[in-house]
*Asks:* 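My questions all concern the structure below.
Both ligands and their constituent atoms are indexed starting at 1 by order of listing. What you see is a predicted model, and the numbers here were worked out from it, not measured in a lab.
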Amino acid sequence: MRVLNIGSLNLDYVYAVDHIILPGETEATGEMHIYLGGKGINQSMALAKAGVEVYHGGMIGADGQPFLDACMEYGVNAKHIQIIEEKTGHTIIQVDRNAQNSILLYGGANQCLTEAFVDQVLADFSAGDILLLQNEVNLLPYIVDKAYEKGMQIALNPSPYNEKLDAVDMSKITIFLVNEVEGGQIAGTSDPQAILKTMLEKYPHARIVLTLGKDGAVYGDAHETHFQPIFPVKAVDTTAAGDTFTGYFLAGLSEGMSIPDTLRMSAKASSIAVTRPGAVPSIPLRSEVMEALRNS
Ligand code: RIB
C-alpha cells in the first residue's frame, strides 16, 4: 500500500536553553543546531524508515535542497516536492534542560500550495492509497475533499490545532492521530476516555489514535480499544516524538499488523526518538526499533 503525505518541510533552528524564555526575558545560549524538520517531512521520514513506500508532496524554497538530499538518502519519493520562489518554512525551537520544547513556526513555502498543485499530486494516486495530512500547509479542506472523491483513505494529524481546521470536513477522515489537546478540541472534552467515546460517536467509521504523553496512547474504533504505555527513557529532546509515532503507526496499519503490535512498535520508535536531538535525525530505522523491542 502506498502512502502520500502532503505536508510541511521546515528548517528547525534549535536552541538549547535552561528554561523556556518568559515574556520580556533575554537568555543567552551557546548551543544552536539547524535540523531538518516539519511535521510533514518528519512523518514521511518515519514511514520511510519503517519501510513504507511513501511519497511526499509539498513546497520548499531554493534553500530547501537538504530536504531533497535526505529524501534520497532515506527513500522518500520526492517527485512531488516543488521548489518555488519563497523561503522554506522554518521554526525557532527552544529545548530546555528537561527536554521540553517551545516552537515558533514560520510557514513560508508550506503556505503556498495551489489547487493546481494539489490536483497534479493527487492525479498519481487512487482508491485505497493512504493520504496523510497535518495542519502545517494551506488548502487542507480542498485536499481532503479531492482525496475523498478519489476514494483514498485519509489520515489526519490535526497538529498544530487552530481555527483553520474548522473548514475541514472531518467526516471524510478515516484515521485520526491526535494528542489530548487536539482530541479535546475535536470532542469538546478533556478526559481521554470521553474524547475517544465522543469522537467515535461523531465519526463511527474512523480509527482513532489518542496519544497521552507520559500516560501512553489509546486506540479505538467501532470494534476494539487498546492501551499502550510508554517505554520510559531519559529524554533529551521530545521534538518529532509524535511524528515518529504517527509514521510508525501508519506503517504497521498499512502492513496489516495487529493494533497491539502496531502500538507497541510506535511507542518504542518514539521512545528512541526522544533520546536523540533534532527532528528528522532523531527518527530511528525499523531495524533499530525491532532490536530494541526484542531487548525490552
Ligand atoms: O512535530 C515537530 C515539528 O513541529 C518540528 O520539526 C517543527 O518543524 C514543527 O513543525
Side-chain angles (χ1 to χ4, degrees), residues 5-17 20 32-50 56-61 63-64 66-67 70-71 74 76 81 86-96 99-113 132-138 140 155-162 164-165 176-183 209-213 217 235-250 266-267 269-284:
N5 181 7
I6 300 184
S8 60
L9 306 100
N10 296 329
L11 291 166
D12 289 343
Y13 290 77
V14 181
Y15 301 85
V17 293
I20 305 296
M32 190 277 261
H33 299 275
I34 304 174
Y35 295 112
L36 299 186
K39 292 184 194 308
I41 199 68
N42 294 343
Q43 293 177 19
S44 285
M45 288 291 172
L47 279 153
K49 290 186 185 189
H56 193 89
M59 292 189 172
I60 52 177
D63 52 346
F67 287 103
C71 285
Y74 292 110
V76 174
I81 297 179
E86 182 43 86
K87 281 195 172 58
T88 298
H90 78 255
T91 59
I92 305 284
I93 303 183
Q94 301 173 48
V95 178
D96 76 9
Q100 279 309 314
N101 64 26
S102 105
I103 303 180
L104 174 66
L105 170 65
Y106 172 75
N110 296 310
Q111 293 296 321
C112 295
L113 272 51
L132 171 60
L133 299 167
Q134 312 76 30
N135 189 27
E136 287 190 344
V137 295
N138 62 318
L140 274 196
L156 176 67
N157 168 221
S159 182
Y161 201 95
N162 61 32
K164 287 187 183 170
L165 288 161
F176 288 94
L177 301 123
V178 295
N179 65 21
E180 249 168 314
V181 176
E182 296 145 9
V209 183
L210 175 61
T211 55
L212 304 167
V236 300
D237 182 355
T238 55
T239 312
D243 300 331
T244 303
F245 192 101
T246 292
Y248 267 84
F249 186 84
L250 282 184
S266 311
S270 57
S271 78
I272 296 173
V274 301
T275 62
R276 301 169 177 174
V280 165
S282 73
I283 302 167

*Asks:* Taking all heavy atoms of Thr91 and all of Asn10, pick out the closest pair and write down the distance.
*Replies:* CG2-ND2, 3.8 Å
*Asks:* Determine yes or no for a side-chain-to-main-chain donor-acceptor pair under 3.5 angstrom, with Glu136 supplying the side chain and Lys39 the backbone.
*Replies:* yes
*Asks:* Once rounded to the nearest 0.5 Å, what's the spacing between atom CE of Met32 and atom OH of Tyr15?
*Replies:* 4.5 Å
*Asks:* For ligand 1, which atoms sit closer than 4.0 Å to a heavy atom of Glu136?
*Replies:* 4 (O), 9 (C), 10 (O)
*Asks:* Taking ring-ring contact (aromatic ring centres under 6.0 Å, His included) as the definition, give me every residue that meets it alongside Tyr74, ordered by chain and number, with sequence neighbours left out.
*Replies:* none
*Asks:* Between Asp237 and Thr239, do the side chains contain a donor N or O and an acceptor N or O under 3.5 Å apart?
*Replies:* yes
*Asks:* For ligand 1, which atoms have a heavy atom of Gly37 less than 4.0 angstrom away?
*Replies:* 6 (O), 8 (O)
*Asks:* Looking only at protein heavy atoms, which one is nearest to atom 4 (O) of ligand 1, and how far off is it?
*Replies:* Lys39 NZ, 3.2 Å
*Asks:* Evaluating non-hydrogen atoms only, which member of Asp12, Asn157, Leu36, Leu9 is closest to atom 5 (C) of ligand 1?
*Replies:* Asp12
*Asks:* Which atoms of ligand 1 have any heavy atom of Ala279 under 4.0 Å away?
*Replies:* 6 (O)
*Asks:* If I apply the N/O under 3.5 Å rule, does Asp243 come out as touching ligand 1?
*Replies:* yes
*Asks:* Which residues pass the ring-ring contact (aromatic ring centres under 6.0 Å, His included) test with Tyr106, not counting sequence neighbours?
*Replies:* His90
*Asks:* Do any nitrogen or oxygen atoms of Gly38 come within less than 3.5 Å of a nitrogen or oxygen of ligand 1?
*Replies:* yes
*Asks:* Only heavy atoms of Asn42, strictly under 4.0 Å: list the atoms of ligand 1 that pass.
*Replies:* 2 (C), 3 (C), 5 (C), 6 (O)
